[in-house]
Asker: 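Before we start, here is the structure in question, set down as structure tokens.
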Protein chains: 2
Amino acid sequence: MRIGEAAAAAGMTTKTLRFYEDSGLLPAAKRSLNGYRDYTEDSVARLEFIRRGRAAGLALTQIREILGLRDAGKAPCAHVQDLLSNQLADLDHQIAELMALRSVVAGLHATAASGTDASCDPGRICSYL
Amino acid sequence: MRIGEAAAAAGMTTKTLRFYEDSGLLPAAKRSLNGYRDYTEDSVARLEFIRRGRAAGLALTQIREILGLRDAGKAPCAHVQDLLSNQLADLDHQIAELMALRSVVAGLHATAASGTDASCDPGRICSYL
DNA sequence: CTCAACCTTCCCCTACACTGGAATGTCAAG
DNA sequence: CTTGACATTCCAGTGTAGGGGAAGGTTGAG
């Protein structure tokens, strides 16, 4: 199938497929006589795997590692487990940071909602911050 | 004072101060006879305000708006209130998205921890994802 | 024949907040 | 006089995941 068809099947754009090829996530596609890339069902399965990886918040470099292992004939499952562990820890870390920031901002917001503009000293730019 | 001193007082680098000037957050600094920028205590107060804004997660464009109002002689307090409200809503949104992602990843991780590598079909790349 | 819808390569652009480095000028101390 | 620590300008790069658009080739339908 041609690139547009494969892209549609995977829910991506043709740009993305060429980008993935350039980035080493897809092997260089076979070409038809006219020079067009020619994809198979396997290509679409690979694209769908990439999609699942992205949906889990993995970076393309990590997905590339997994694909590299599989292409080397090794089962990447243990590595995927590690990546998922790290991803979970990263997410917890990011969530904790955002919650800390949220509480700072909530405090400022509460002060701003209860305060009066009149007390604002120009030298301080804005007393609510 | 010279740029290095002002930067140190505000806990920033000289690069950052020049960048802020270029970005319209600081007025073009007065120059000494030798061409060096010359800062005052007010400059440092302004830098500290920028720092507080950044610490609240505001973008430089938003901080620039606040400073612009103050420079125009208006009290930016009402605008700051709006920004804080939006920031709070944005943070809640981001946190909700991360928590949703976290639950997806946690599910995958649990499956990966309990599953067996043997069942992994190469055509699927990795069954854990 | 021509038109539209595909496809190709190539290069630049996006957001964000800086950071690095080159080439050069200024100034006080030893 | 020289050295070192400052300062200046300007240009380019960082990371991420593609997107925009030009200039041109290919194919099927009407």
Side-chain angles (χ1 to χ4, degrees), chain A residues 1-26 28-39 43 46-67 83 87 90-91 94 97-98 101, chain B residues 1-26 28-40 43 46-67 83 86-87 90-91 94 97-98 101:
Chain A
M1 74 187 82
R2 288 183 303 180
I3 194 171
E5 203 177 340
M12 298 169 173
T13 67
T14 61
K15 282 279 190 189
T16 300
L17 265 66
R18 295 193 195 95
F19 172 69
Y20 283 172
E21 182 176 319
D22 288 348
S23 306
L25 289 147
L26 296 180
K30 284 172 190 161
R31 302 300 179 116
S32 304
L33 293 178
N34 53 18
Y36 290 5
R37 286 173 181 80
D38 191 21
Y39 293 95
S43 313
R46 196 175 174 103
L47 288 168
E48 280 165 351
F49 177 80
I50 297 174
R51 261 181 82 70
R52 289 195 300 274
R54 296 283 301 134
L58 297 184
L60 293 185
T61 54
Q62 300 176 315
I63 296 174
R64 181 164 45 219
E65 287 172 10
I66 302 171
L67 292 169
L83 287 175
Q87 177 69 351
D90 280 1
L91 286 171
Q94 287 178 46
E97 284 202 336
L98 280 184
L101 180 55
Chain B
M1 73 189 81
R2 288 182 304 179
I3 194 170
E5 203 177 340
M12 298 169 174
T13 68
T14 60
K15 283 279 192 190
T16 300
L17 265 65
R18 293 193 195 96
F19 171 70
Y20 283 172
E21 182 176 318
D22 287 349
S23 307
L25 290 147
L26 295 180
K30 283 172 190 163
R31 303 300 181 115
S32 304
L33 292 178
N34 53 18
Y36 290 5
R37 286 173 181 80
D38 191 20
Y39 294 94
T40 66
S43 313
R46 196 174 174 105
L47 288 169
E48 280 165 352
F49 177 80
I50 296 174
R51 263 180 79 73
R52 288 196 300 275
R54 295 285 300 134
L58 298 184
L60 293 185
T61 54
Q62 300 176 316
I63 297 174
R64 181 164 42 218
E65 287 172 9
I66 302 170
L67 292 168
L83 288 175
N86 289 337
Q87 178 70 351
D90 280 2
L91 286 171
Q94 287 177 47
E97 284 201 336
L98 280 184
L101 179 56

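In what follows, every chain begins at residue 1, and chains take the letters A, B, ... in the order their sequences are listed. Computed from a predicted structure; not experimentally measured. All heavy atoms count here, side chains included; hydrogens, waters and symmetry mates do not.
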Asker: Return the value, rounded to whole Å, for the distance between atom CG of B:Asp22 and atom P of D:dT8.
Answerer: 11 Å

Asker: Could you walk me through whether A:Tyr20 and A:Met12 pass the side-chain contact (heavy atoms from CB on, under 4.5 Å) check?
Answerer: CA-CA 11 Å; A:Tyr20 283 172; A:Met12 298 169 173; 3.9 Å; yes

Asker: Within the structure, does a side-chain N or O atom of B:Arg31 lie under 4.0 Å from either OP1 or OP2 of D:dA7?
Answerer: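 So the side chain of B:Arg31 is outside the cut-off, no N or O lying under 4.0 Å from OP1 or OP2 of D:dA7.
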
Asker: Dump the intermediate steps for side-chain contact (heavy atoms from CB on, under 4.5 Å) on A:Leu47 and A:Leu26, then the final yes or no.
Answerer: CA-CA 8 Å; A:Leu47 288 168; A:Leu26 296 180; 3.9 Å; yes

Asker: Without decimals, in angstroms, what is the distance between A:Leu33 CG and C:dC7 C1'?
Answerer: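 So the two atoms are 14 Å apart, to the nearest Å.
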
Asker: For A:Arg64, what residues pass the side-chain hydrogen bond (donor to acceptor under 3.5 Å, both in side chains) criterion, not counting sequence neighbours?
Answerer: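 If we apply the side-chain hydrogen bond (donor to acceptor under 3.5 Å, both in side chains) test to A:Arg64, skipping adjacent residues, there are no hits.
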
Asker: Please report the interatomic distance CG(A:Leu101) to CD(A:Glu97), rounded to the nearest 0.5 Å.
Answerer: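 Answer rounded to 0.5 Å: 9.0 Å.
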
Asker: Could you give the OH-to-P distance, from B:Tyr20 to C:dC16, as a whole number of Å?
Answerer: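 Those two atoms, OH and P, are 14 Å apart.
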
Asker: Among D:dT8, D:dG18, C:dT9, which nucleotide sits nearest the side chain of A:Arg37?
Answerer: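 Output: C:dT9.
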
Asker: Look only at the side chain of A:Asp38 and the backbone of A:Met1, and say whether a donor-acceptor pair between them is shorter than 3.5 Å.
Answerer: yes

Asker: Take B:Arg37 and B:Arg31 through the test side-chain contact (heavy atoms from CB on, under 4.5 Å) and record every step on the way to the result.
Answerer: CA-CA 5 Å; B:Arg37 286 173 181 80; B:Arg31 303 300 181 115; 3.3 Å; yes

Asker: Quick one: A:Asn34 CG to D:dG28 C1', roughly how many Å, whole number?
Answerer: 13 Å

Asker: Applying a 4.0 Å non-hydrogen cut-off, can you work out what A:Ser23 is touching in the nucleic acid: base, sugar-phosphate, or nothing?
Answerer: nothing

Asker: Let me spell it out: for each of B:Tyr36 and A:Thr14, pick the nucleotide of DNA chain C with the closest heavy atom. Which residue's pick is nearer the 5' end?
Answerer: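 Nearest nucleotide further toward 5': that of A:Thr14.
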
Asker: For B:Arg18, report the nucleic acid contact type (base, sugar-phosphate, nothing); a contact means any heavy atom under 4.0 Å.
Answerer: base

Asker: At a cut-off of 3.5 Å, list every protein nitrogen or oxygen paired with a nitrogen or oxygen from nucleotides 10-12 of chain D, distance to 0.1 Å.
Answerer:
none

Asker: So which pairs with a foot in residues 10-19 of chain B pass side chain to side chain donor-acceptor pair (under 3.5 Å), sequence neighbours left out?
Answerer: B:Thr13-B:Thr16

Asker: In whole Å, I'd like the distance from the CG atom of B:Asp38 to the P atom of D:dT8.
Answerer: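 Going from B:Asp38 (CG) to D:dT8 (P), I get 10 Å.
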
Asker: Rounded to whole angstrom units, what separation is found between the CD1 atom of B:Ile3 and the P atom of C:dT26?
Answerer: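 Going from B:Ile3 (CD1) to C:dT26 (P), I get 17 Å.
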
Asker: I'd like a table of donor-acceptor pairs (distance under 3.5 Å, sequence neighbours excluded) in which one partner is a side-chain atom from residues 48-63 of chain B, with atom names and distances.
Answerer:
{"from": "B:Arg52", "atom 1": "NE", "to": "A:Leu129", "atom 2": "O", "distance (Å)": "2.7"}
{"from": "B:Arg54", "atom 1": "NH1", "to": "B:Leu58", "atom 2": "O", "distance (Å)": "3.0"}
{"from": "B:Gln62", "atom 1": "OE1", "to": "B:Ala59", "atom 2": "N", "distance (Å)": "3.1"}

Asker: Which ones in residues 56-66 of chain B lie close to DNA chain D, meaning a heavy atom under 4.0 Å from one of its atoms?
Answerer: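 Heavy-atom cutoff 4.0 Å gives no residues at all.
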
Asker: Provide, to the nearest angstrom, the distance between the OH atom belonging to B:Tyr39 and the C1' atom belonging to D:dT8.
Answerer: 12 Å

Asker: Look at A:Thr16 and D:dA17 and indicate whether a side-chain polar atom (N or O) is within less than 4.0 Å of OP1 or OP2.
Answerer: no

Asker: Search all heavy atoms of A:Glu21 against all heavy atoms of A:Tyr39 and return the closest pair with its distance.
Answerer: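 In terms of heavy atoms, the two residues are closest at OE1-OH, 3.9 Å.
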
Asker: Between A:Arg2 (CZ) and D:dG28 (C1'), how many Å, whole number?
Answerer: 10 Å

Asker: Angle between the two end axes of the helix from C:dC1-D:dG30 to C:dG30-D:dC1, five base pairs per end, rounded to 10 degrees?
Answerer: 30°

Asker: When rounded to the nearest 0.5 angstrom, what distance separates OG in A:Ser43 from NZ in A:Lys30?
Answerer: 8.5 Å

